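Chain A is the first sequence line, chain B the second, and so forth, proteins listed ahead of strands; every chain is numbered from 1. If you're wondering where the values come from, they're calculated on a predicted model, not measured in any experiment.
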Amino acid sequence: MEGIVLALFVCLVLAIITKYLSIPPIPFYILGGVLLGKSGLALVTSDEIGRFFSQMGLIFLLFFMGLELKLERIAANRSAVLTSGMIDLNVNMLIGFFAAYLFGFSLIESAVIASAFYISSTAMAITSLVENRKLMMREAETVIWLMVFEDLVLIIFLAVISAGDQNPFIFFLKIAGVLAILYAIAHYGKEFLISLLDRSDELPLLFTFAAVLTTASFSMYIGVPETMMVIALGAALATTDPDAFEQHARPFKDVFLVVFFVFFGITINLTGGVDLVMIFTISLLAVVSKFISGVLTGIFIHESALAGIEIWGNTIGRGEFSIAIAALYGSPPVAAVIAAMVIVTSIAGAFTAKYCTGLRKWMVMPGRRPPHHAHTGR
Amino acid sequence: MYYCSFMALRSVNLPGVGTKYEFTTDKGDTVAIFFTKTGTIQMYTLQRGCHTPSAAEMTPMEARRLGNILTGAIIEAESESVEIAFSALADLRITIHTYLIQKTVAGRTIEDLQIRTKTGVTVIAVSRKDRNIINPPPSFVFETGDAVVVIGETDQLKRFEREVMVD
């Protein structure tokens, strides 16, 4: 118990510092965890409470993602989402996979690293667009839809990787069953849910918390991945009053997710020695491969390679979802590589997000081609 | 609401970010407003022919003030007066003004000061210490330090200042 209190206190201090400097807090939570845990001062060990809190953090992160997942809107933007999404997926998955494989990871480990390598941090991308006041740029919309596409890929990844050792037919039947129940509740109980969320007492918070936990434990009980099912719960509840659910799930997500990051750092084991060359190479490749996919997206979507620099600058940071993949499926060496990659890319990403517009302007010297009109022209 | 038919106002819901409203003026300038999930409002303006928009971030309160100014409720330099214009009603303009009651008026009622017959303005509220009296009756007695809220046209308010609120 003292361990988690110490960890929370360290996080609080780190949160204050990073907010004050307006840099992404996630890498510092992980570093804080590394410092407190096994590989550092060994002040905090991962106990029952810490593990429970961490799991809550992961589940609420995914539930929140589900709430944002409005399928009808993705369908309305299909062509733009698909083009940029497929470029991003292919380029980064391939580079990530081959890099990991060539460094001697197994096929499965390489697939896990590739997924973490591919998926950018939605939280960092959106925060940087808002804080650097780039929302009006037309590249901003491309970045936002890219994040949505990556979320969809993550769901498919979770389904495929957790189906591994089960009979696929029964597995998908179970998933379909849970999905049907969730959507039926959201559909037939809509009025009731909305009236429940409207109350100003403890009911909305209690309901949100209970709904997420019930779904997670029920999924575990019948043997379907709880991660996927809480995303589905979010998507189903988003058909009722998504804003109210976001508001009520946010306190849980915010607190538990910080614990999740710090405990992820605590459990990282660097005592076996780390291959610094490998870690550095993979982190550097993570920056370079987003540059390639960004420029290609810029050319295909905005007919300008320079637009790609803006996309690149805002999508370098890997964060919450990469850590989630590492925590769920990563062996200790895989988790260490992913942690290092998240720390390097998220810190690099904070700088590129701030300065890529300047870099882009610098590249468009007089005489070169003029930059594109910034408004989205929808 | 009227204006939507005049200019193309585009509204987009951006997942994770919030809602975006954007329109291009007749002269080709673009204005975009984002209501972000964090509760702040960002307004971008892009002059025609320019490539870099300029941005302002506002709290909901500040955004409402800006909205009031833009809809024609002109806030005068003195913070205690608000003019509201109803463009649909032949450009009807009404001003609401606050005044502090001085010694000369203290102890007298609305009725014996003949406020409405002499000046045309109406006292709609009085704030005394920590409580507010809405629509005070004609028999209402003013005290020193009362803040009165008066409604009328600009000319009527001038007359009220001249004839009632004299030192």
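Counting non-hydrogen atoms of other residues, nucleotides and ligands closer than 6.0 Å to CZ of B:Arg116 gives a total of 12 or fewer. Around CD of B:Gln156, the count of heavy atoms belonging to other residues, nucleotides or ligands within 6.0 Å exceeds 12. The number of heavy atoms from other shown groups lying within 6.0 Å of NZ (B:Lys158) does not exceed 12.
Note that CD of B:Glu57 and CD of A:Glu131 are 8.0 Å apart. Values are rounded to the nearest 0.5 Å.
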Is there a side-chain contact (heavy atoms from CB on, under 4.5 Å) between A:Met136 and B:Thr30 once you walk through the steps? CA-CA 10 Å; A:Met136 198 188 180; B:Thr30 307; 3.5 Å; yes

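For A:Glu68 (side chain) and B:Pro15 (main-chain N/O), no donor-acceptor pair under 3.5 Å exists by modelled atom type. Side chain of B:Tyr44 to main chain of A:Met137: no donor-acceptor pair is present (N/O by atom type, distance under 3.5 Å, no hydrogens or angles).
A:Val130 touches chain B through backbone and side chain together, each having a heavy atom under 4.5 Å away.
When each of A:Leu129, A:Ile126, A:Leu135 is paired with B:Thr36, the side chain to side chain contact (heavy atoms under 4.5 Å, CB included) condition holds for A:Leu135 and for no other.
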